[in-house]
Amino acid sequence: MRILLLPLTFFLLQSSIYAQKSDNNPDDFSNSLEDKVATHIDSIKSLMMADYYKEDYSSAIIKASSIIEYAQANKRPQKVAEIRSYLSNSYLRLNDSVKSLDYAKKNIELGKELNDPDIILGSQIDLGNIYLAFNKLDEAVKSFKTALPLAKEKNDKTRLFILNYNIAEIYLEYLEDYKGSKPYLDAAEEYAPKTFIIGLAGINLFKAHYAFQEKDYQLASIFYQQAIDLAKESNHTEVLKKGYNGYTESLAKKGNYKKAYEIGKIKDSLSIAQSKLDVEKSAKTLKTSLENTKKQEELKIEALRNELIVEKSETQRKLLIFSAIVSFILLSLLFYLLKVTKNRRKLNNELKIKNQEYLEAKLESEKLAEAKSRFLSTMSHELRTPLYGIIGLSTVLNNDINLKSHKTELQSLKFSADYLLNLVNDVLTLNKMDSDEKIKFESKAFHLKDFLNNIKESLEYLTRQTNNDLVITLNPNIPKWINGDQTKMSQVLINLLGNALKFTTNGKVELIVSLLDIKENNLKLKFEVKDNGQGIPIADQQKIFEEFGQLKHEGDFQGSGLGLTIVQKLLIDMNSNIQLESVIEEGSNFFFEIAFGIAKKEHANKDIQDTVSIAMLRGKKILVVDDNRINLMVTKKTLESHDILVEVATNGQEGIDKIMLTDYDIVLMDVHMPIMDGIEATKKIRKLQKTVIVIALTAVTQDEQDDRFKSAHFDDSIVKPYKINEFIKTLAANLVTKPL
């Protein structure tokens with residue numbers, strides 16, 4: 001896949017310009033013998049170049065041989081060197097290493113004799129290409145490295161790129177010395193012309209190989225993808241094939257077998273197509289070689305016929321020998337084609353086996369992912385239900401004036417339950433991110449200041465335990481009501497603030513929200529979480545964003561190692577990105593920028609103060625339907641503490657029976673219950689045509705709500721466990737929007 005460059009581009013350019021001058025101004029040079037010589041050489045050389053670039057190398061050799069002696073006789077050493085370079089490259093393509101080396105070495109001697117660095121530089125490049133073509137790797141590297149100082153001295157960026165590129169390729173793909181390739185790969189990238197698509201494709205492929213060997217499979221995947229795109233653009237089949245192969249292996253290393261299988265199919269089809277092209281190209285090359293050989297022999301025969309007519313028998317003998325050679329070549333071609341066909345069948349069989357293995361791995365991976373998703377979904381519901389009881393009871397007991405002496409223990413209990421709830425949410429979020437299931441983001445209006453204060457309140461216990469000050473600074477120009485996903489934002493901020501508090505003791509943690517831009521109904525905010533704690537070493541700043549990546553510290557709160565991973569992935573899905581600045585012993589600053597909508601004016605009536613909400617609900621009659629006795633007790637006590645009349649039912653059928661006899665203002669309906677679940681019960685309530693508000697009170701999150709859940713037409717949903725203030729406000733808001 002190396003890049004070849006004729007070494008005497010400078011002379012070619014000079015010659016073409018000179019030829020143009022001769023064509024355009026014949027009168028200026030008609031009396032000059034020197035110009036006539038140059039014109040004669042250039043005219044034949046143009047024909048030679050045309051044959052060379054048509055890959056008609058035998059014809060190019062014939063024409064080059066006819067003018068090289070003429071150039072020598074007229075003392076044109078630069079022209080001699082230029083033609084020898086074409087001869088060397090032509091013989092190289094015809095696999096004649098002896099003649100190819102002979103012409104390259106003659107040019108090196110000529111360059112030294114004339115003290116011409118251009119000729120020496122070009123000849124060393126030719127020599128390196130020849131050695132590499134015949135797998136003499138040490139000699140190839142030596143030749144290319146010999147040429148490097150000459151190219152640097154002339155500041156020839158094109159040749160510097162080619163030389164470094166070819167050396168890097170030898171180290172990477174032939175010697176497998178990835179460390180040795182690094183300086184040359186970096187240099188090749190530095191000198192690569194931005195418009196040289198083929199070269200850029202190769203560099204990205206080599207960078208991908210290097211990243212793969214460093215086991216950075218994510219970075220390797222990125223560079224393989226870039227190499228594939230550039231190879232497609234430049235129609236570089238070899239890079240494309242190697243890019244797909246490496247991309248498949250990187251995806252497999254990352255565990256993404258599904259995509260690896262899909263890319264593998266593309267690679268396999270490309271390999272089969274390439275095999276066909278190789279056969280066709282070999283046949284074409286052989287045919288051209290035969291035609292040119294025949295042409296050359298015919299010229300010789302014609303000359304012999306004119307000069308040696310009497311030697312007819314000798315000529316016939318030579319023709320017989322030539323026919324035998326042609327027959328041998330044709331038999332060799334037939335044998336080669338049979339071998340290629342056999343190899344292709346073998347390759348097809350291997351591809352079928354690999355495809356089957358990929359398919360089986362894909363099916364197994366999908367089964368495991370489905371089982372994992374079902375398990376985590378079930379466990380999340382089973383965990384949230386008792387957590388609701390723990391958090392609710394701890395809140396009720398904490399508000400009991402008779403238990404003031406146990407306030408610290410009750411707050412510890414609530415903190416532990418909140419921490420466990422956040423961990424459950426983190427695990428579920430991470431599971432969705434790692435699967436093919438997309439995380440759903442909602443856009444609802446919420447009061448930013450209340451939202452931030454609720455987060456601060458949830459971290460109050462951790463703040464006291466670490467003896468820190470938690471300060472929230474909110475730009476007053478930011479609108480009070482904004483549109484966004486407050487649940488996901490809560491996950492991001494609680495993880496960031498929780499980390500800052502854990503790694504800071506007797507210090508200050510600050511959440512700063514700044515206004516970056518505001519246009520029509522959209523605004524852009526910057527969130528910063530600053531602390532003056534122990535700081536994070538540069539070497540560890542990437543590690544902390546990896547799954548289960550943790551830094552050791554002497555605090556009481558170690559954590560799961562999932563928080564920052566989830567923060568990073570959530571923000572990426574929300575078109576943002578987490579950034580970090582940290583200095584040891586001075587502290588850290590995690591910050592990101594994110595866009596929100598500005599809530600419309602109709603949301604202003606949702607800004608209900610707690611006192612107004614409580615007053616609105618006082619004396620209202622609410623039916624709570626829940627099969628869990630503890631959760632039923634928690635909800636009942638919470639509502640009764642706000643002077644609300646409460647009745648309970650333990651399943652959906654019992655709830656319907658009570659609704660038929662009594663008019664309730666609100667029904668709080670659990671979803672999973674025996675006898676009749678909440679979804680079926682709500683559907684039947686709707687058929688009663690009673691104007692009652694039905695709110696789902698469930699451990700099922702909005703992401704987990706399926707079509708059956710939505711078909712019940714709940715007026716609203718509250719996810720257990722909840723914050724009491726938000727719970728009361730939701731009830732009041734539903735009374736405002738749907739008065740009875």
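For the single chain, residues carry numbers from 1 onward in sequence order.
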Visitor: Distance only, no hydrogens: is a donor on one side chain within 3.5 Å (strictly under) of an acceptor on the other, for Lys254 and Gln218?
Guide: yes
Visitor: Give a yes or no on whether a salt bridge exists between Asp517 and Lys524, defined as a side-chain N under 4.0 angstrom from a carboxylate O.
Guide: no
Visitor: Using distance alone, with no hydrogens and no angle criterion, decide if Gln491 and Asn495 have a side-chain donor and acceptor under 3.5 Å apart.
Guide: no
Visitor: State whether Lys690 and Asp663 are salt-bridged, where the test is any N-O pair (Lys NZ or Arg NE/NH1/NH2 against Asp/Glu carboxylate O) under 4.0 Å.
Guide: yes
Visitor: Kindly indicate whether a cation-pi arrangement holds for Lys658 with Tyr664, taking the cut-offs as under 6.0 Å to the six-membered ring centre and within 45° of the axis.
Guide: no
Visitor: Quick check on Tyr257: does its OH atom have over 12 non-hydrogen neighbours (other residues, nucleotides or ligands) under 6.0 Å away?
Guide: no
Visitor: For the pair Lys729 and Asp450, find out whether any cationic side-chain nitrogen is under 4.0 Å from an anionic carboxylate oxygen.
Guide: yes
Visitor: What's the shortest heavy-atom distance between Ser588 and Ser582, and which atoms?
Guide: OG-OG, 2.8 Å
Visitor: Should the heavy atoms of other residues, nucleotides or ligands under 6.0 Å from NZ of Lys683 be counted, would the total exceed 12?
Guide: yes
Visitor: Is any side-chain heavy atom of Leu731 less than 4.5 Å from a side-chain heavy atom of Leu639?
Guide: yes
Visitor: Regarding Asp716 and Asn734, do their side chains bring together a donor and an acceptor under 3.5 Å, going by distance alone?
Guide: yes
Visitor: Hey, what's the ring geometry for Phe596 with Phe446, parallel, tilted or perpendicular (30° and 60° as the breaks)?
Guide: perpendicular
Visitor: Using a strict 4.0 Å threshold on nitrogen-to-oxygen distance, state whether Arg629 and Asp670 make a salt bridge.
Guide: no
Visitor: Are there more than 12 heavy atoms of other residues, nucleotides or ligands under 6.0 Å from atom CD1 of Ile538?
Guide: no
Visitor: Check whether any side-chain heavy atom of Val567 lies under 4.5 Å from a side-chain heavy atom of Asn499, and answer yes or no.
Guide: no
Visitor: Heavy atoms only: give me the nearest Gln486-Phe451 pair and the separation to one decimal.
Guide: O-CE1, 3.3 Å
